[in-house]
Novice: 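Supplied in structure tokens, the structure appears directly below.
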Number of protein chains: 2
Amino acid sequence: MFVIGYNDPMAEAPATIAAGVRRRTQEQRSAATQAKLLDATVACLAELGYARTSTTMVCERAGVSRGAQLHHFPTKAALVAAAAERVLELRVEEFRATLGGLDEGQERVQTAIDLLWGIFCGPSAYAWQELLVAARTDDELRPHLARVQNRLRDEVAAAWHDLFPSGLQGLDSTLNAAVPKLLFAVLDGLSMHRLTGLPTAETDAHEVLAVVKMLSVYFDAVNPLEEL
Amino acid sequence: MFVIGYNDPMAEAPATIAAGVRRRTQEQRSAATQAKLLDATVACLAELGYARTSTTMVCERAGVSRGAQLHHFPTKAALVAAAAERVLELRVEEFRATLGGLDEGQERVQTAIDLLWGIFCGPSAYAWQELLVAARTDDELRPHLARVQNRLRDEVAAAWHDLFPSGLQGLDSTLNAAVPKLLFAVLDGLSMHRLTGLPTAETDAHEVLAVVKMLSVYFDAVNPLEEL
DNA sequence: CGCAAAACATGCAGGGTTGACTGTTTGTTT
DNA sequence: AAACAAACAGTCAACCCTGCATGTTTTGCG
């Protein structure tokens, strides 16, 4: 697995190809091209959409030959499935990076919502939408994406719980469990409305998010909401 | 325009093709095949998704020749654009039919939400999602769909206002204006989460909708929510 | 050093989609 | 009735995409 003696840093050719790495491990080469392919796929999904995303285009963007792509991902379905996991990584990374760096101020909820909204307007969100909609009618992709979605769901819940361990003060544990789900549903919905590029959708989104923020503050500070 | 003498009801062949209408007007013929094409397109979008929707398939389903399709809709983009308007009609029709037949009971809000959720799990919602996501990366479709979306937005607001003319009692007019927007964002978001067919998405949706119902009842009956 | 295997590159065939083209039927107008 | 226009039908070439098949390079290991 870990062979030494061959990888001699001093033995690199002076500048044959930049100051790059000559003589990489098979594992390194595989990982590198696979990463390039997956990133290119995600980029294509985000920029061109699922329909216009072809393996040819992906290879072009990745700077990889079609043969190499076909070697690592025998079929387009395999490529897309792997790309879905990459999108999951990206989104989780974004969520954690965004929610992790929040100071303890009183307006944590508001800023958290604003930052999350930023994520839902970004490339990873677009790619996820494309995959989600495509999965509905693709019997091969759907089960795979279902597992990925479940993981995303759990990660979101965990990240939210890390941020607000005790939840909103006015709500019991059952209701508090629904809070992140509600929030993310709203964000996903508003994100959909934004896709046509309408200014009204943008203003509506801010309006709705303002209400959500008010509700959060309200139930965190003021009244307990009794069961009905 | 209206020529008589040629349309002789008695001259119909005994039973050449059912007891149908022989000798239709040009306008009637056009409208009929266009309707067949648009309905077939919407059905394809809902069942196969945008990517797998081909004009060939649409013609097959509609029982129309490719030549006829190309005559009425010179390009695929034109067909899809027209289909978008058809989806708008369908959705508005559904909204009005659903919300219109609500009795004056105290649980109007809850039942309204449940009925709306049913619509968001139906074919017209799927077709709309497909169009929305496709429009993001289709420079020709996007502006067209933007106009349609604006109309849908206004229709939704109007339908909601018809249903609850005075809004929720505890909220001022500004907040009440945001209520339907928030609700429809939630529904759209939950609808997206459902696409992978996960049971958890289904239960989450009901959980979230239960919270939304509680909030509606709460703010309709109990406390006024002050501005912050 | 030499061979096996993995990684990579390129060309090719099959299938499918789109839009144009030509010809036919149906209705409208005079 | 005849001329004209619209609606309709079927065929065709160009294009793109996918997956396979063959050939080349790089790495691992004796």
Side-chain angles (χ1 to χ4, degrees), chain A residues 1-8 11-13 16-17 20-37 40-41 44 48-80 138 140-141, chain B residues 1-8 11-13 16-17 20-37 40-41 44 48-80 138 140-141:
Chain A
M1 206 56 164
F2 299 108
V3 178
I4 30 178
Y6 247 67
N7 289 359
D8 184 0
E12 289 185 16
T16 42
I17 294 184
V21 276
R22 293 189 65 79
R23 242 186 143 60
R24 293 175 298 170
T25 294
Q26 296 273 56
E27 221 172 341
Q28 287 174 324
R29 295 210 303 166
S30 282
T33 61
Q34 286 184 15
K36 278 196 290 185
L37 282 170
T41 305
C44 278
L48 309 175
Y50 186 87
R52 295 181 207 269
T53 293
S54 69
T55 58
T56 310
M57 181 67 69
V58 169
C59 291
E60 239 174 70
R61 293 217 176 189
V64 166
S65 72
R66 280 189 47 70
Q69 174 260 313
L70 210 58
H71 174 71
H72 291 287
F73 305 99
T75 147
K76 184 182 180 181
L79 178 66
V80 173
D138 189 324
E140 197 176 350
L141 178 59
Chain B
M1 206 57 165
F2 300 108
V3 178
I4 27 179
Y6 247 64
N7 290 359
D8 186 359
E12 287 184 20
T16 41
I17 293 182
V21 276
R22 294 188 65 79
R23 263 203 119 55
R24 293 175 299 170
T25 293
Q26 296 273 54
E27 221 171 342
Q28 288 173 324
R29 294 208 304 166
S30 282
T33 62
Q34 285 185 16
K36 278 196 290 184
L37 282 169
T41 306
C44 277
L48 309 175
Y50 187 87
R52 295 181 206 269
T53 293
S54 69
T55 58
T56 309
M57 181 68 69
V58 169
C59 291
E60 238 174 71
R61 293 217 176 189
V64 167
S65 72
R66 278 190 50 69
Q69 175 261 313
L70 212 58
H71 174 71
H72 291 287
F73 305 100
T75 145
K76 183 182 181 180
L79 178 65
V80 173
D138 189 323
E140 198 176 350
L141 179 59

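In what follows, every heavy atom counts, from backbone to side chain, and hydrogens, waters and symmetry copies are set aside. The chains referred to below are lettered A, B, ... by the order of the sequence lines, with proteins before strands, and numbering in each begins at 1.
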Novice: Between D/dA9, C/dG27, C/dT18, which nucleotide gets closest to the side-chain atoms of B/Thr56?
Specialist: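 Nearest nucleotide to the side chain: C/dT18.
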
Novice: Just verifying a value: how many Å separate A/Glu27 CD and A/Gln34 CD, rounded to the nearest 0.5 Å?
Specialist: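 A/Glu27 atom CD to A/Gln34 atom CD measures 10.0 Å (nearest 0.5 Å).
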
Novice: Take the protein atom CD of A/Glu27 and the nucleotide atom P of D/dT27, then report the distance between them rounded to whole Å.
Specialist: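 Checked: the CD to P distance equals 14 Å.
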
Novice: Need to verify one output field. Residue with the more 5' nearest nucleotide on DNA chain C, A/Gly63 or B/Met57?
Specialist: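 First, find each residue's nearest nucleotide; the 5'-ward one identifies A/Gly63.
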
Novice: Among the candidates D/dC8, C/dG19, C/dC8, find the nucleotide nearest to the side-chain atoms of A/Ala68.
Specialist: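 Closest nucleotide among those given: C/dC8.
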
Novice: I want to verify a distance call: between D/dA7, C/dC8, D/dG19, whose nearest atom is closest to the A/Thr33 side chain?
Specialist: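 From the listed options, C/dC8 comes nearest.
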
Novice: Kindly compute the distance separating CG (B/Leu48) from CG (A/Asp138), expressed to the nearest 0.5 Å.
Specialist: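 Nearest 0.5 Å value for the CG-CG distance: 11.5 Å.
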
Novice: Mapping B/Pro74 and B/Arg29 onto DNA chain C by nearest heavy atom, which one lands closer to the 5' end?
Specialist: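 This one resolves to B/Pro74.
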
Novice: Closest approach to the side chain of B/Ser65, judged atom by atom: which nucleotide of C/dA7, D/dC8, C/dG19 is it?
Specialist: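 Looking only at side-chain atoms, B/Ser65 lies closest to D/dC8.
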
Novice: To the nearest angstrom, how far is A/Glu140 atom CD from D/dG19 atom C1'?
Specialist: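 It is 14 Å, rounded to the nearest whole Å.
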
Novice: Separation of A/Leu79 atom CG from D/dC17 atom P, in whole Å?
Specialist: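 For the pair A/Leu79 CG and D/dC17 P, the rounded distance is 14 Å.
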
Novice: CD/A/Gln69 to CD/A/Glu60 distance, rounded to the nearest 0.5 angstrom?
Specialist: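 Rounded to the nearest 0.5 Å, the CD-CD separation comes to 12.5 Å.
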
Novice: Figure out the CD/P separation between B/Gln69 and C/dG19, and round it to whole Å.
Specialist: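 Taking CD of B/Gln69 and P of C/dG19, I get 8 Å after rounding.
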
Novice: Within less than 4.0 Å of OP1 or OP2 of D/dA6, is there a side-chain N or O belonging to B/His72?
Specialist: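 No, no such contact exists.
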
Novice: What's the spacing between A/Arg66 CZ and A/His71 NE2 if we round to 0.5 Å?
Specialist: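 That separation rounds to 15.0 Å.
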
Novice: Would you kindly give the CZ-to-C1' distance between A/Phe73 and D/dC20, to the nearest whole Å?
Specialist: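 Interatomic distance, CZ of A/Phe73 to C1' of D/dC20: 19 Å.
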
Novice: As a test of reading the structure: which of D/dA9, D/dA7, C/dA7 is closest to the side chain of A/Ser30, going by heavy atoms?
Specialist: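 Out of D/dA9, D/dA7, C/dA7, the nucleotide with an atom closest to A/Ser30's side chain is C/dA7.
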
Novice: Is B/His71 close enough to D/dC8 that one of its side-chain N or O atoms is under 4.0 Å from OP1 or OP2 there?
Specialist: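 For D/dC8, neither OP1 nor OP2 has a side-chain N or O of B/His71 closer than 4.0 Å.
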
Novice: If you check every side-chain atom of B/Ser54, which of C/dT17, D/dC8, D/dT18 has the closest atom?
Specialist: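 It is C/dT17.
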
Novice: Hey, does the side-chain of A/Arg66 have a donor or acceptor N/O within less than 3.5 Å of a partner on the base of D/dG19?
Specialist: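 It does, because a donor-acceptor pair links the side chain of A/Arg66 to the base of D/dG19 below 3.5 Å.
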
Novice: Rounded to whole angstrom units, what separation is found between the CG atom of B/Asp138 and the P atom of C/dT18?
Specialist: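 In whole Å, C/dT18 P and B/Asp138 CG are 13 Å from each other.
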
Novice: Specify the separation, in whole Å, of atom CG of B/Leu70 and atom C1' of D/dA13.
Specialist: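 Rounded to the whole Å, the gap is 15 Å.
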
Novice: Taking only the side-chain nitrogens and oxygens of A/Thr55, find out if one of them lies under 4.0 Å from OP1 or OP2 of D/dC17.
Specialist: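 No, A/Thr55 has no side-chain N/O under 4.0 Å of OP1/OP2 on D/dC17.
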
Novice: Once you round to the nearest 0.5 Å, how far does OG1 of A/Thr41 lie from CE of A/Met57?
Specialist: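 So the OG1 of A/Thr41 and the CE of A/Met57 are separated by 12.0 Å.
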
Novice: Quick one: A/Leu37 CG to C/dC8 P, roughly how many Å, whole number?
Specialist: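 Value for this atom pair: 9 Å.
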
